[in-house]
Chemist: 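The structure follows.
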Number of protein chains: 2
Amino acid sequence: METIASSSAFPPDAFAKDCASRVVLDRIGDRWTVLVVGALADGRLRFSELRTRIEGITPKVMTQTLRALERDGVLTRTVYAEVPPRVEYELTDLGRDLLVPIDAIRHWAEQHASRIVANREVYDR
Amino acid sequence: METIASSSAFPPDAFAKDCASRVVLDRIGDRWTVLVVGALADGRLRFSELRTRIEGITPKVMTQTLRALERDGVLTRTVYAEVPPRVEYELTDLGRDLLVPIDAIRHWAEQHASRIVANREVYDR
DNA sequence: AGAGACAGTATCTATTTGATACCGAGCACT
DNA sequence: AGTGCTCGGTATCAAATAGATACTGTCTCT
């Protein structure tokens, strides 16, 4: 395999290394992406609002995650030249598309969480 | 951290640290989970078959991922006492449930991959 | 002058991931 | 009897990533 398959001559195959869709999956297979995108479901939020909503994320990692998502065109970053500074993040159309499967994942997690935690306890015993 | 909130007195909230659903999300926010579960969509596979299908995963990481998913009850691991050894992995009901949102994610990735790669190129320029 | 808000950086450490080499049991072949 | 092969992993070490914590710059308000 050579070039990134952005052509549609071949069906995109996320299992193939170097396939574009695999590259994209790597973004979602990120600890924080699901949470950040999910947090922006109801509209634009500022950096600090995101930090409050998503417990446990450090500012460095928040910045990294946001920049990566901005780079991919999932969200926009708008800086207002005020003091104190105001920066708002908002999903793009692409980001709102992503929201659909991401919500599905989150719902699955919330539905089956207790069962999974129980499985772990059995396994570890 | 002491107890994971597996009670259903509170609505599960994946944004909250220490919430069970957050713990579960962390499993999905793993680089390989989506691929491994997706690979098992059509039935049981052996270790080496998984390695072939999922390009780029190393044996160590494959083992880690499979053990974690087994621990969570997403798949089963069956060892046949043969030589050479045969070990088969298969999704549980829980795993097949997970397959639904995971397929949604993969479809999203395959659909929008080229657009995202294009976005990155613009951003990096 | 000093404190505070906000959106981050800088720095250092801990944890995860990855590359690569190797192992053990048994069969098949020479 | 020795050699090589298959399969499903481990072992070991290096590299990349995530996390904890402290700090910065700008302006405004007291």
Side-chain angles (χ1 to χ4, degrees), chain A residues 15-18 22-37 39-40 44-72 75-90 123, chain B residues 1 14-18 22-37 39-40 43-72 75-90 120 123:
Chain A
F15 295 106
K17 206 160 112 58
D18 302 337
R22 169 73 163 274
V23 173
V24 168
L25 259 196
D26 286 347
R27 168 79 49 252
I28 291 159
D30 176 86
R31 220 165 124 48
W32 299 107
T33 294
V34 173
L35 262 4
V36 169
V37 172
L40 290 170
R44 40 176 49 202
L45 288 177
R46 316 173 56 154
F47 189 88
S48 52
E49 292 170 328
L50 282 167
R51 286 250 295 149
T52 307
R53 270 166 163 273
I54 302 171
E55 280 181 37
I57 192 170
T58 64
K60 193 190 76 170
V61 174
M62 177 65 90
T63 300
Q64 286 172 354
T65 306
L66 289 169
R67 292 290 150 84
L69 290 170
E70 186 193 4
R71 186 175 111 112
D72 285 354
L75 52 78
T76 56
R77 176 172 181 271
T78 311
V79 182
Y80 296 88
E82 305 173 355
V83 171
R86 181 160 61 102
V87 179
E88 292 190 338
Y89 295 90
E90 186 174 21
Y123 189 94
Chain B
M1 172 183 329
F15 295 107
K17 206 160 111 62
D18 301 337
R22 170 73 163 274
V23 173
V24 169
L25 258 196
D26 286 348
R27 167 79 48 254
I28 291 158
D30 175 88
R31 220 165 125 47
W32 300 106
T33 294
V34 173
L35 262 6
V36 169
V37 173
L40 290 170
R44 42 176 48 202
L45 288 178
R46 315 173 55 156
F47 189 88
S48 52
E49 291 170 328
L50 282 166
R51 286 248 298 148
T52 307
R53 270 166 163 274
I54 302 172
E55 280 182 37
I57 193 169
T58 64
K60 194 190 75 170
V61 174
M62 178 65 91
T63 301
Q64 285 172 355
T65 306
L66 288 169
R67 293 289 149 83
L69 290 170
E70 187 194 3
R71 186 175 110 111
D72 285 354
L75 52 78
T76 57
R77 175 172 182 270
T78 311
V79 183
Y80 297 87
E82 305 172 356
V83 171
R86 181 160 59 101
V87 179
E88 292 190 338
Y89 295 90
E90 184 174 23
R120 284 189 193 174
Y123 190 94

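Throughout, a chain's letter reflects where its sequence line sits, starting with A, and its residues are numbered from 1.
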Chemist: Using a 4.0 Å heavy-atom cut-off, write out nucleotides 2-10 of chain C from 5' to 3' as B (base contacted by protein), S (sugar-phosphate only) or - (no contact).
Modeler: ---BBSSB-
Chemist: Quickly work out the R51(A) CZ to dA20(D) P distance and round it to whole Å.
Modeler: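 One finds 10 Å between P of dA20(D) and CZ of R51(A), rounded.
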Chemist: At a heavy-atom distance below 4.0 Å, what parts of residues 24-33 of chain A sit against DNA chain C?
Modeler: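 Correct list: empty, so none.
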Chemist: Rounding to an integer number of Å, can you tell me how far I57(A) CD1 sits from dT21(D) P?
Modeler: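 Atom-to-atom, I57(A) to dT21(D), this comes out as 16 Å.
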Chemist: Excluding sequence neighbours, so at least two apart, what forms salt bridge (Lys or Arg N to Asp or Glu O under 4.0 Å) with R44(B)?
Modeler: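 Scan of R44(B) (salt bridge (Lys or Arg N to Asp or Glu O under 4.0 Å), adjacent residues dropped) gives E88(B), E90(B).
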Chemist: To the closest 0.5 Å, what do you measure between CG (L25(B)) and OG1 (T33(A))?
Modeler: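 Result: 11.5 Å between the selected atoms.
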Chemist: Does R46(B) have any side-chain hydrogen bond (donor to acceptor under 3.5 Å, both in side chains) partners at least two apart in sequence or in another chain, and if so, which?
Modeler: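 R46(B) satisfies side-chain hydrogen bond (donor to acceptor under 3.5 Å, both in side chains) with no residue once adjacent residues are dropped.
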Chemist: Between protein and nucleic acid, restricted to nucleotides 28-30 of chain C and to nitrogen or oxygen atoms under 3.5 Å apart, what atom pairs and distances do you find?
Modeler:
none

Chemist: Is any side-chain heavy atom of I28(B) less than 4.5 Å from a side-chain heavy atom of I28(A)?
Modeler: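 I28(B) vs I28(A): side chains apart.
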Chemist: Taking the side chain as every heavy atom from C-beta outward, state whether V36(A) and Y89(A) have any pair of such atoms under 4.5 Å apart.
Modeler: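 They are not in side-chain contact.
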Chemist: Where the side chain of R31(B) meets the backbone of D26(A), is there a donor-acceptor pair that is under 3.5 Å apart?
Modeler: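 Looks like no, no N/O pair under 3.5 Å.
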Chemist: Tell me: CD1 of I54(B) to C1' of dG18(C), nearest whole Å?
Modeler: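 The distance from CD1 of I54(B) to C1' of dG18(C) comes to 16 Å, rounded to the nearest Å.
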Chemist: What is the distance from CG of L50(B) to P of dC7(D), rounded to the nearest Å?
Modeler: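 Interatomic distance, CG of L50(B) to P of dC7(D): 14 Å.
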Chemist: Donor-acceptor pair, R22(A) side chain versus F15(A) backbone, under 3.5 Å?
Modeler: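 Checked: pair present.
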Chemist: Send over the distance from E82(B) CD to dC5(D) C1', rounded to a whole Å.
Modeler: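 E82(B) atom CD is separated from dC5(D) atom C1' by 17 Å.
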Chemist: Where the side chain of T52(B) meets the backbone of S48(B), is there a donor-acceptor pair that is under 3.5 Å apart?
Modeler: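 Looks like yes, one N/O pair under 3.5 Å.
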Chemist: Can you list every side-chain hydrogen bond (donor to acceptor under 3.5 Å, both in side chains) pair that touches residues 54-70 of chain A, not counting sequence neighbours?
Modeler: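 The answer is E70(A)-Y123(B).
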Chemist: Rounded to the nearest angstrom, tell me the gap between atom CD in Q64(A) and atom C1' in dA16(D).
Modeler: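 Distance check: Q64(A) CD to dA16(D) C1' gives 11 Å.
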Chemist: I need the minimum non-hydrogen distance between A39(B) and L45(B), along with the two atoms involved.
Modeler: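 The pair with the smallest heavy-atom distance is O-CD1, 3.5 Å.
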